[in-house]
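In what follows, chains carry the letters A, B, and so on, assigned in the order in which the sequence lines appear, proteins first and then strands, with residues in each chain numbered from 1.
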Amino acid sequence: MSNVAGRTDWAEEDDDDQVALPAPQVTKNKDGTETIVTYIMREDGKKIKTTRRIKKTVVKTTVNPRVAERKQWAKFGQEANKPSGPQSDTTSVAENIVFRPQANWKASADDKSEHEKKKANLKDAKIKCRICSGDHWTTKCPFKDTMAPEGEAGAGVGDLDEPEAAGALGGGGSSYVPPHLRNRAGGAVGEKMGGKYERDDLATLRVTNVSEFTEEQDLRDIFSRFGHVTRVFLAKDRETGRAKGFAFVSFADRDDAKTACEKVDGYGLGHLILRVEFAKKST
DNA sequence: GATGAGCGC
């Protein structure tokens, strides 16, 4: 059937050549090297045999052990129950990710108009300290520990068992109770019932480098694998509602917090790498 | 980079 002169099917000719040439041979040598023998057909029809002896090098990719460990974590959220490793339908692994940190991401994301800024300034200007009439809140007054608000000088203070505690509350006798001091009877918040009241931050982690797209639930998902998360606070801009870049995560157990701190520090969430450390007492 | 919200006569 086939007429060699009038042939147009070159693919078939290739096939013929392949059949004509011996398959490459690979021989493993005792010293760990390999001898590879390949045959090729030159243009002029001569058969060439090539013998190569190669030494195989094992290429080790170094993965941070902590990163390797995280890869074993069970998936959560929408990816819960999916097998480990990237899902081809949602994840592209070959993409060249260019990491471009922006120094002023907050400012650039901020589309606050000029008049809004002015409004904020006006609001600030209205602040008047009740102690020294300065332009700060009474609670921020440098004299708040030594002076009572005007018109309340000394009133009732002598009757209290813990005058300095009362001063530190910033209430100085006013009826206002800051949110974190409310429901003291609940016992969940103030640890030292006999002294100054402070939030229990013994098992609280501060998480920084949190992307503005992060939500509290995202953090809860990540951290709750280490123990009972009692509270997640994500600092947000009050006007824009966008995350400010840091958060607090509290655990019921400080040991769990410690583990979580070690394990999640360096974890990539969104396009950022989380930094986790124990929270210090807020100023 | 950052240590929470919450209040104003």
Side-chain angles (χ1 to χ4, degrees), chain A residues 99-110 119-141 143-144 147-153 155 166-184 186 188-191 196-220 223 229-251 254 257 260-261 264-266 269-283:
Chain A
F99 185 50
R100 265 184 265 208
Q102 262 184 293
N104 59 342
W105 64 271
K106 191 186 172 187
S108 67
D110 200 347
K119 214 167 69 182
N121 287 342
L122 275 176
K123 217 168 70 187
D124 289 346
K126 268 204 302 199
I127 298 169
K128 189 177 159 211
C129 173
R130 283 179 295 141
I131 296 173
C132 71
S133 301
D135 58 354
H136 47 251
W137 298 117
T138 305
T139 47
K140 301 274 194 274
C141 181
F143 307 113
K144 76 174 159 60
M147 293 173 66
E150 288 164 318
E152 299 175 28
L169 289 181
S174 95
S175 57
Y176 174 72
V177 181
H180 72 284
L181 299 180
R182 292 174 194 162
N183 301 323
R184 276 159 28 185
V189 194
E191 270 293 297
K196 292 184 184 176
Y197 295 99
E198 57 189 44
R199 181 174 36 235
D200 173 18
D201 273 353
L202 284 173
T204 296
L205 301 171
R206 182 177 68 132
V207 187
T208 53
N209 219 20
V210 178
S211 126
E212 61 174 314
F213 307 112
T214 303
E215 285 167 27
E216 282 167 14
Q217 188 58 45
D218 300 330
L219 295 169
R220 191 174 284 273
F223 282 91
V229 173
T230 55
R231 189 176 60 108
V232 174
F233 174 85
L234 180 65
K236 290 185 199 139
D237 185 300
R238 241 187 341 139
E239 275 142 42
T240 69
R242 275 200 276 244
K244 282 205 277 190
F246 66 97
F248 293 93
V249 177
S250 302
F251 280 86
R254 188 179 160 90
C261 178
V264 184
D265 186 30
L269 176 60
H271 59 296
L272 296 180
I273 308 235
L274 297 183
R275 288 264 303 127
V276 186
E277 58 204 326
F278 269 95
K280 288 191 281 240
K281 224 197 294 183
S282 132
T283 49

From CG of A:D237 over to P of B:dG4, roughly how many Å is that when rounded to an integer? 14 Å
Output the rounded distance in Å from CD (A:E215) to C1' (B:dG4). 18 Å
Mind calculating the distance between CZ (A:F278) and P (B:dT3) to the nearest angstrom? 18 Å
Counting just side-chain N and O atoms, does A:R275 come under 4.0 Å of either OP1 or OP2 of B:dG1? no
Atom NZ of A:K236 and atom P of B:dG6: how far apart are they, to the nearest Å? 11 Å
Among B:dT3, B:dG6, B:dA2, the nucleotide that comes nearest once only the side chain of A:N209 is considered: B:dA2
Across the strands shown, which category fits A:A279 at heavy-atom distances under 4.0 angstrom: base, sugar-phosphate, nothing? base
Of the listed B:dG6, B:dA5, B:dT3, the closest approach to the A:R206 side chain comes from B:dT3
A:F251 vs A:F223 aromatic rings, parallel, tilted or perpendicular, using cut-offs 30° and 60°? perpendicular
When you measure from the side chain of A:R254 to the backbone of A:L202, do you find a donor-acceptor pair of N or O atoms at a distance under 3.5 Å? yes
Mind telling me whether B:dG4 is syn or anti, cutoff 90° either side of 0? syn
Pairing residues for A:T214 by the side chain to side chain donor-acceptor pair (under 3.5 Å) criterion, not counting sequence neighbours: none
What is the distance from CG of A:L219 to P of B:dG4, rounded to the nearest Å? 17 Å
How many Å lie between CD on A:E216 and P on B:dG4, as a whole number? 16 Å
Tell me the interatomic distance from A:I273, atom CD1, to B:dG1, atom C1', rounded to whole angstroms. 17 Å
Minimal non-hydrogen separation, A:D265 against A:L274, with atom names: OD1-O, 3.5 Å
For a quick test of reading the model, state the closest non-hydrogen atom pair linking A:V276 to A:C261 and the distance between them. O-SG, 3.6 Å
Would you check if A:F233 stacks with the base of B:dA5, given a 5.5 Å centroid limit and a 30° plane limit, both strict? no
Between the side-chain atoms of A:R231 and the base atoms of B:dG4, is any donor-acceptor pair under 3.5 Å? yes
To the nearest Å, give me how far apart CZ (A:F248) and P (B:dA2) are. 12 Å
